[in-house]
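Scroll down for the structure; my scribbles are underneath it.
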Amino acid sequence: MTFSERILKWYGQHKRELPWRTTKDPYKIWLSEIMLQQTRVAQGMPYYYKFLEAFPTVYDLANADEQKVLKLWQGLGYYSRARNLHATSKMVVEKYAGGFPDTYKELKKLKGVGDYTASAIASICFDEPEPVVDGNVYRVLSRYFGIDTPINSTEGIKYFKELAREVMHIENIRDYNQGIMEFGAIQCAPKKPYCLHCPLNESCIALKENRVTELPVKINKIKIKNRYFNYLVFIDPNGNTALEQRRGKGIWQNLYQFPLLEAKKALNLVELKEQIMEESGFPKIESLTLYNKEPLIHKLSHQHLHTRFWILETTDRLKEGISWETITSFPVPVLIADFIKTYKI
DNA sequence: AAAGCGGGGGC
DNA sequence: GCCCCAGCTTT
């Protein structure tokens, strides 16, 4: 049996029943693929159901407000995916009359659809023989063929795509592509792969040379930046608070948060008061208290956010005050959502 | 070519 | 604490 035949056979015996495996509808496949980018199946699954219920068709998604899309996406992370998802739904409705393009080349033009996702949709929905190369495929191929070229180098990306193309199963690209990814997720796992009863263990180079734990090779150099956030939780005489929308570059674009004072270091009460004084347009403050004495450290991939929440009772009513009942209708980062859950007026 | 972008789960 | 997850876009 060839490599691809063994993958297909294994897939037939071990594949999980997943909701997007029972359809070829490009809308549903596209939705699932975007959600699963850098995201585990278990984490993305509830969102897949929520979205299909709220937006049964691409038209429903295209007609929705971005705020509603972001709210449903809340907690899944990488929010550009949600913004691009929404933009692409509008594009599909307006430029493609509601029908997704049916080739890799055309699919790749859609916002948020890169090499992997275009290959996935083209192969799963339209039987186009285009190999998918995701994190799972990098792992399987690098181990089986004993390749130590870094998977995130320019050379590695090109090499593994070509290798994937050489070994793919053209006649059943749909099951083969999903099969090799599933194989990487279940059998050839990052840690503790089940080499003992692996259908490829007689010809796996990494196993033969005892290099399974060394592969794949990845050049890693993420620097973590520390940031110091002070969130100002205004409470006016009506019990209303204020939110602002994050604009421009950086994290959490278009999501909402309490008014933010970012500092170069952790601030004490006096320093914070000075900062507030420098700002203009703030309401008159009756009292100011620190909510969490120990800074909450919210950890993102590239940033550690040392966060303090300050409660500011205002003398006058806020101009655009938001009640605590309606605050939950805004899309917010998990950091803010967690605070809202625990804080009671 | 490198950096930026979330949040969660496994060990 | 570290690594990884059905990656993509911008600089």
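Here is how names work: the chains are called A, B, and so on, in the same order as the sequence lines, proteins then strands, and each is numbered from 1.
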Of the listed nucleotides ([options]), which one gets closest to any side-chain atom of [X]?
X: A/I251; options: C/dC8, B/dG7, B/dG6; answer: B/dG6
X: A/R21; options: C/dA6, B/dG6, C/dG7; answer: C/dA6
X: A/D134; options: C/dG7, B/dG6, C/dC4; answer: C/dG7
X: A/Y79; options: B/dG6, C/dC3, C/dG1; answer: B/dG6
X: A/H302; options: C/dA6, B/dG4, B/dG6; answer: B/dG4
X: A/N136; options: C/dA6, B/dG8, C/dC8; answer: C/dA6

- Task: Decide whether A/Q37 and A/R81 meet the rule of one side-chain donor and one side-chain acceptor closer than 3.5 Å.
- Result: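 Absent: no donor and acceptor within the cut-off.
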Check the orientation of [X] and [Y]. Use parallel for under 30°, tilted for 30 to 60°, and perpendicular for over 60°.
X: A/F282; Y: A/F234; result: perpendicular
X: A/H304; Y: A/H306; result: tilted
X: A/F330; Y: A/Y256; result: perpendicular
X: A/F258; Y: A/W324; result: tilted

Which is true for [X] with a 4.0 Å heavy-atom rule: it touches a base, it touches only sugar-phosphate, or it touches nothing?
X: A/W20; result: base
X: A/I34; result: nothing
X: A/S153; result: nothing
X: A/G250; result: sugar-phosphate
X: A/V137; result: nothing
X: A/G44; result: nothing
X: A/K223; result: nothing

Side-chain N,O ([X]) to OP1/OP2 ([N]) below 4.0 Å:
X: A/R139; N: C/dC5; answer: yes
X: A/S32; N: C/dA6; answer: no
X: A/Q303; N: B/dC5; answer: yes
X: A/Q38; N: C/dG7; answer: yes
X: A/H298; N: B/dG7; answer: yes
X: A/K249; N: B/dC5; answer: no
X: A/W252; N: B/dG4; answer: no

[N] to [M] separation - [atom1] atoms, rounded to the nearest Å:
N: B/dC5; M: C/dA6; atom1: P; result: 23 Å
N: B/dG8; M: C/dT9; atom1: C1'; result: 23 Å
N: B/dG9; M: C/dC8; atom1: P; result: 24 Å

Separation of [X] atom [atom1] from [N] atom [atom2], in whole Å?
X: A/R227; N: B/dG6; atom1: CZ; atom2: C1'; answer: 14 Å
X: A/K109; N: C/dC8; atom1: NZ; atom2: C1'; answer: 18 Å
X: A/Q43; N: C/dA6; atom1: CD; atom2: P; answer: 11 Å
X: A/Y116; N: C/dC5; atom1: OH; atom2: C1'; answer: 12 Å
X: A/R81; N: C/dT9; atom1: CZ; atom2: C1'; answer: 13 Å
X: A/I151; N: C/dA6; atom1: CD1; atom2: P; answer: 13 Å
X: A/N152; N: B/dA2; atom1: CG; atom2: P; answer: 9 Å
X: A/N254; N: B/dG6; atom1: CG; atom2: C1'; answer: 16 Å

- Query: For A/D115 and A/S301, take the nucleotide of DNA chain C holding the closest heavy atom to each; which residue's nucleotide lies nearer the 5' end?
  - Reply: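 Checking each residue's closest nucleotide, the 5'-ward one belongs to A/S301.
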- Query: A/Y78 or A/R40: which one's nearest nucleotide on DNA chain C is closer to the 5' end?
  - Reply: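 Looking at DNA chain C, the more 5' nearest nucleotide goes with A/R40.
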- Note on the structure: Taking a pair to mean Watson-Crick or G-U wobble geometry with both distances below 3.5 Å, B/dG6 pairs with none
- Message: Both A/L255 and A/K191 contact DNA chain B. Which one's nearest nucleotide lies toward the 5' end?
- Response: A/L255
- Query: Should the pair A/R143-A/E209 be classified as a salt bridge under the 4.0 Å nitrogen-to-oxygen rule?
  - Reply: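 Salt bridge absent between A/R143 and A/E209.
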- Under a 4.0 Å N-O cut-off, is there an ion pair linking A/K68 with A/D60? no
- Task: Can you spot which of A/T314, A/T241, A/T315 makes a side-chain contact (heavy atoms from CB on, under 4.5 Å) with A/D236?
- Result: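 The single option meeting the side-chain contact (heavy atoms from CB on, under 4.5 Å) with A/D236 is A/T314.
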- Donor-acceptor pair present, A/T39 side chain and B/dG8 base, under 3.5 Å: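 Per atom types, no contact qualifies.
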